[in-house]
Amino acid sequence: MNFLNTVLLALSLLAAPALAADDASHFQLSPTILQKLMSAEAEMKLLQKPDEGLAAPDEDKSIAAAIRRIDADPKTTAVLAKHGLTSRDLVLSTHALYHAGMFVSTESTLDEKKRAALYQSYTSEQQANIDMIRAMHAAK
């Protein structure tokens with residue numbers, strides 16, 4: 001499995017309920033984990049194979065299954081380990097980045113009351129992730 005497919009698989013988790021012990025809604029991003037992901041990115045891109053496609057529609061898209069698929073690829077796990085990351089870190093970080101990024105990119109389309117209600121419906125970790133993405137976006 002290559003890095004792009006891994007990321008796409010992790011993103012597809014949003015379309016399926018979290019069926020694993022890891023609850024993605026309680027994963028909090030940190031500057032440290034983001035730095036590790038960025039450090040690993042170039043090496044992960046080298047593992048990409050252009051002929052690999054997305055996961056099959058009937059394939060298990062749970063967080064646990066995504067982690068197992070990554071763990072089954074020794075090259076990917078070696079690169080992750082080199083940068084102090086695990087497959088769990090990659091899957092949950094990707095999920096959290098996508099979730100927070102989607103909120104930040106669409107919040108301006110909501111009226112203030114709906115935006116506030118939606119934000120309040122998220123876990124404290126999701127709110128912290130949104131705040132981090134907002135700050136990163138504002139810094140650009």
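Since the structure is predicted, the reported quantities are computational estimates derived from the model, not experimental observations.
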Rounded to the nearest 0.5 Å, what separation is found between the [atom1] atom of [X] and the [atom2] atom of [Y]?
X: Met44; Y: His83; atom1: CE; atom2: NE2; value: 9.0 Å
X: Met38; Y: Ile33; atom1: CE; atom2: CD1; value: 11.5 Å
X: Asp23; Y: Thr123; atom1: CG; atom2: OG1; value: 7.5 Å
X: Gln28; Y: Ser124; atom1: CD; atom2: OG; value: 7.0 Å
X: Asp131; Y: Leu29; atom1: CG; atom2: CG; value: 11.5 Å
X: Arg68; Y: Ser62; atom1: CZ; atom2: OG; value: 5.5 Å

| field | Non-hydrogen side-chain atoms of Leu80 and Asp89 separated by less than 4.5 Å | value |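 A side-chain contact is absent here, since even the closest heavy-atom pair is not under 4.5 Å.
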| field | Test: Arg115 cationic atom under 6.0 Å from Tyr122 six-membered ring centre, within 45° of axis | value |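 That pair does not qualify as a cation-pi contact.
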| field | The single option from Met136, Met132, Lys36 passing side-chain contact (heavy atoms from CB on, under 4.5 Å) against Pro31 | value |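 Only one of Met136, Met132, Lys36 forms a side-chain contact (heavy atoms from CB on, under 4.5 Å) with Pro31, namely Met132.
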Ignoring hydrogens, what is the shortest heavy-atom contact between [X] and [Y]? Give both atom names and the distance.
X: Gln127; Y: Tyr119; value: NE2-O, 2.9 Å
X: Ala40; Y: Val79; value: O-CG1, 4.2 Å
X: Glu125; Y: Phe27; value: CB-O, 3.9 Å

| request: Decide side chain to side chain donor-acceptor pair (under 3.5 Å) for Asp71 and Ser87; before the verdict, give the C-alpha distance in whole Å, the side-chain angles of both, and the deciding distance to 0.1 Å. | output: CA-CA 6 Å; Asp71 285 342; Ser87 55; 2.6 Å; yes
| message | Run Thr86 and Ile67 through side chain to side chain contact (heavy atoms under 4.5 Å, CB included) and show every step you take. | response | CA-CA 9 Å; Thr86 65; Ile67 291 169; over 6 Å; no
| message | Working note: Leu97 + Leu34, criterion side chain to side chain contact (heavy atoms under 4.5 Å, CB included); need CA distance, chi angles, decisive distance, verdict. | response | CA-CA 9 Å; Leu97 283 164; Leu34 292 178; 3.7 Å; yes
| request: For the pair Gln126 and His26, evaluate side chain to side chain contact (heavy atoms under 4.5 Å, CB included) and give the outcome as yes or no after the intermediate values. | output: CA-CA 7 Å; Gln126 289 172 318; His26 290 286; over 6 Å; no
| request: Look at the side chain of Thr76 and the backbone N and O of Ile70, then say whether any donor-acceptor pair between them is shorter than 3.5 Å. | output: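 Flag not set: sc Thr76 to bb Ile70 has no pair under 3.5 Å.
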| message | Strictly distance-based, threshold 3.5 Å: is any side-chain N or O of Ser93 a donor or acceptor partner for the main-chain N or O of Leu90? | response |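 No, because the side chain of Ser93 does not come within donor-acceptor range (under 3.5 Å) of the backbone of Leu90.
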| said: Show, in sequence, the C-alpha distance, side-chain angles and deciding distance for Asn129 and Ile133, and conclude whether the side chain to side chain contact (heavy atoms under 4.5 Å, CB included) test is met. | reply: CA-CA 6 Å; Asn129 295 341; Ile133 298 301; 5.5 Å; no
